[in-house]
Amino acid sequence: MDDDLRRKLKELSTSMQSRADELALPGGNTDISALMSGIAVTLEALLVIAEETRIPRSGPTVEPGID
C-alpha cells in the first residue's frame, strides 16, 4: 500500500471517528454513530494488516538454501 493511500485512510478513519463521537451525544443518531465508528475501526485494521504484510525492502528476495 502506498504512503498516500495510507495517509488518506488514516485521515478518513480519524474524521469518521470524530463524527461518530459527535453523533453519539444526546440527540444524535446513535445507529449512524455506531456504523461510522465501526468503519473507522475497520480502516485502522486495514492499515495494521497492510503494515504486517508489507514485504521488507532489503534483504534476500529468495529463501536462503533454496536453489
So, taking the atom named [atom1] in [X] and the one named [atom2] in [Y], what distance separates them when rounded to the nearest 0.5 Å?
{"X": "Thr30", "Y": "Leu35", "atom1": "OG1", "atom2": "CG", "value": "10.0 Å"}
{"X": "Asp31", "Y": "Met36", "atom1": "CG", "atom2": "CE", "value": "13.0 Å"}
{"X": "Leu46", "Y": "Lys10", "atom1": "CG", "atom2": "NZ", "value": "12.5 Å"}
{"X": "Leu12", "Y": "Leu5", "atom1": "CG", "atom2": "CG", "value": "9.5 Å"}

Problem set entry | ILVMFWY cluster, Leu43 and Ile49 together (side-chain gap under 4.5 Å) |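 Cluster IDs for Leu43 and Ile49 differ.
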Exercise. Same cluster for Val41 and Met16 if Ile/Leu/Val/Met/Phe/Trp/Tyr side chains link at under 4.5 Å?
Worked result: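 Unlinked, Val41 and Met16 end up in two clusters.
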Problem set entry | Closest approach of Asp3 to Arg54 (non-hydrogen atoms, all atoms of both residues) |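 Smallest interatomic distance, heavy atoms only, reads OD1-NH2, 3.7 Å.
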For this session: Kindly say whether Ser33 contributes a backbone atom to a donor-acceptor pair with the side chain of Ser37 at under 3.5 angstrom?
Result: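 No, the answer is negative, given that no donor and acceptor are paired below the 3.5 Å cut-off.
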Exercise. Where the side chain of Ser18 meets the backbone of Thr14, is there a donor-acceptor pair that is under 3.5 Å apart?
Worked result: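 Side chain of Ser18 to backbone of Thr14: a pair is present.
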Exercise. Is the shortest heavy-atom distance from the side chain of Arg19 to the side chain of Glu22 under 4.5 Å?
Worked result: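 They are in contact (side-chain heavy atoms under 4.5 Å apart), so the answer is yes.
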